[in-house]
Amino acid sequence: MSEIRFVGVAMRYPTRRGEVRALQEISLTVPDGQFACIVGPSGCGKSTLLSVAAGLITPSEGEVRVDGKATDSPGADRGMVFQSYSLYPWLSVRRNIEFGLEVKRTPKPERTRQSSELIRLMKLDGFAEAYPKALSGGMKQRVAIARALANDPQVLLMDEPFGALDALTRQIMQEMLTDLWQRYRKTVLFVTHDIDEAIFLGDVIYIMTNRPGRIRTTLNVDLPRPRTFDMVGGTRFAELRSQVVGIIHEESMKAVESE
Ligand code: ADP
Ligand code: MG
């Protein structure tokens with residue numbers, strides 16, 4: 001059981017000119033094994049929401065619990081993948097993936113077994129001894145995902161992990177991630193501003209309001225699993241897309257008007 005539960009979370013950032021209200025009244029539960037996506041206009045508080053779950057920031061009100069345990073500091077139970085590549089440049093691909101296992105003092109044969117499996121699954125064969133600077137953006141993010149999974153976290157928190165990639169690479173990454181999820185069934189909280197990405201990956205999509213971010217709508221994605229790319233061209237996909245686009249458009253207009 002690995003659920004993520006937000007209870008009445010609000011976040012206000014103190015600034016010199018007063019407070020920025022980033023989040024308000026966020027209460028939601030991502031049940032065990034669910035892939036939940038958060039979408040919303042830029043600046044609505046998506047990264048803030050994920051940072052609270054990660055324990056990187058302390059909310060002004062409320063709390064986040066993973067399996068009932070308060071997330072008041074970062075922990076190995078929560079694997080994180082961000083947009084910017086956060087690999088250790090001085091470590092090889094294999095040692096990047098094994099980093100958390102080394103910290104936990106997992107014996108070397110077991111470390112090697114796990115990293116080899118992830119290297120194979122993430123199609124990084126032949127790059128185990130390469131250093132991050134020799135890798136493409138997509139490969140770096142595959143290493144980052146492998147590293148997060150190697151720790152065997154209870155939940156995965158992902159903040160626009162494919163945001164910096166070109167459209168084709170992005171599609172391939174989405175396919176790999178959905179396959180991986182099918183295999184490991186982690187509870188995932190995935191932030192994106194890409195609507196197709198949210199529909200393709202998610203079981204459920206939380207659409208946020210303009211800042212201060214609240215959950216405006218919860219949409220169940222009733223596309224069958226496993227997800228395949230031909231679904232993106234399908235009728236149901238198009239219907240879901242137009243629903244989400246409509247709501248986000250309204251919220252983005254509000255953002256522009258309040259500027
Ligand atoms: P998103 O990820 O949806 O684009 P963020 O969570 O990054 O949104 O930011 C939400 C709002 O909070 C934005 O208006 C942003 O400028 C503000 N914000 C984020 N971090 C800070 C901070 N450390 N100090 C002050 N304001 C912040
Ligand atoms: Mg963000």
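All values below were derived from every heavy atom in this structure, side-chain atoms included, with hydrogens, water molecules and symmetry-related copies excluded. One is the number of the first residue; the rest follow in order along the sequence. All ligand and atom numbering here is 1-based and tracks the order in the structure. Just so we're clear, the structure is a prediction, and the values are computed from it rather than from any experiment.
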Does ligand 1 have a heavy atom under 4.0 Å from the side chain of Met208, from its backbone, from both, or from neither? neither
Geometric class of the Tyr88/Phe99 ring pair [parallel <30°, tilted 30-60°, perpendicular >60°]: tilted
Can you find a side-chain donor-acceptor pair between Asp194 and Thr192 that sits under 3.5 Å? no
How about Ser47: does one of its N, O or S atoms come closer than 2.8 Å to the Mg ion (ligand 2)? yes
Determine, counting only non-hydrogen atoms of the protein, whether one lies under 4.0 angstrom from atom 15 (C) of ligand 1. no
Would you check if there is a donor-acceptor pair between the side chains of Gln243 and Glu239 at a distance under 3.5 Å? no
Ligand 1 atoms in contact with Gly43 (distance to a heavy atom under 4.0 Å): 1 (P), 3 (O), 4 (O), 8 (O), 10 (C), 11 (C), 13 (C), 14 (O)
Taking the six-membered ring for Trp, are Phe237 and Phe200 ring centroids under 6.0 Å apart? no
For atom 12 (O) of ligand 1, what's the nearest protein heavy atom and its distance? Tyr13 CE1, 3.5 Å
Taking 4.0 angstrom as the limit and counting only heavy atoms of Arg211, give me the atoms of ligand 1 inside it, by number and element. 11 (C), 13 (C), 14 (O)
Shortest reach to atom 6 (O) of ligand 1 by a heavy atom, considering only Val191, Ile57, Thr48: Thr48
Atoms in ligand 1 with a heavy atom of Ser47 nearer than 4.0 Å: 1 (P), 2 (O), 6 (O), 7 (O)
Ligand 1 contact by Gly45, heavy-atom criterion under 4.0 angstrom: yes
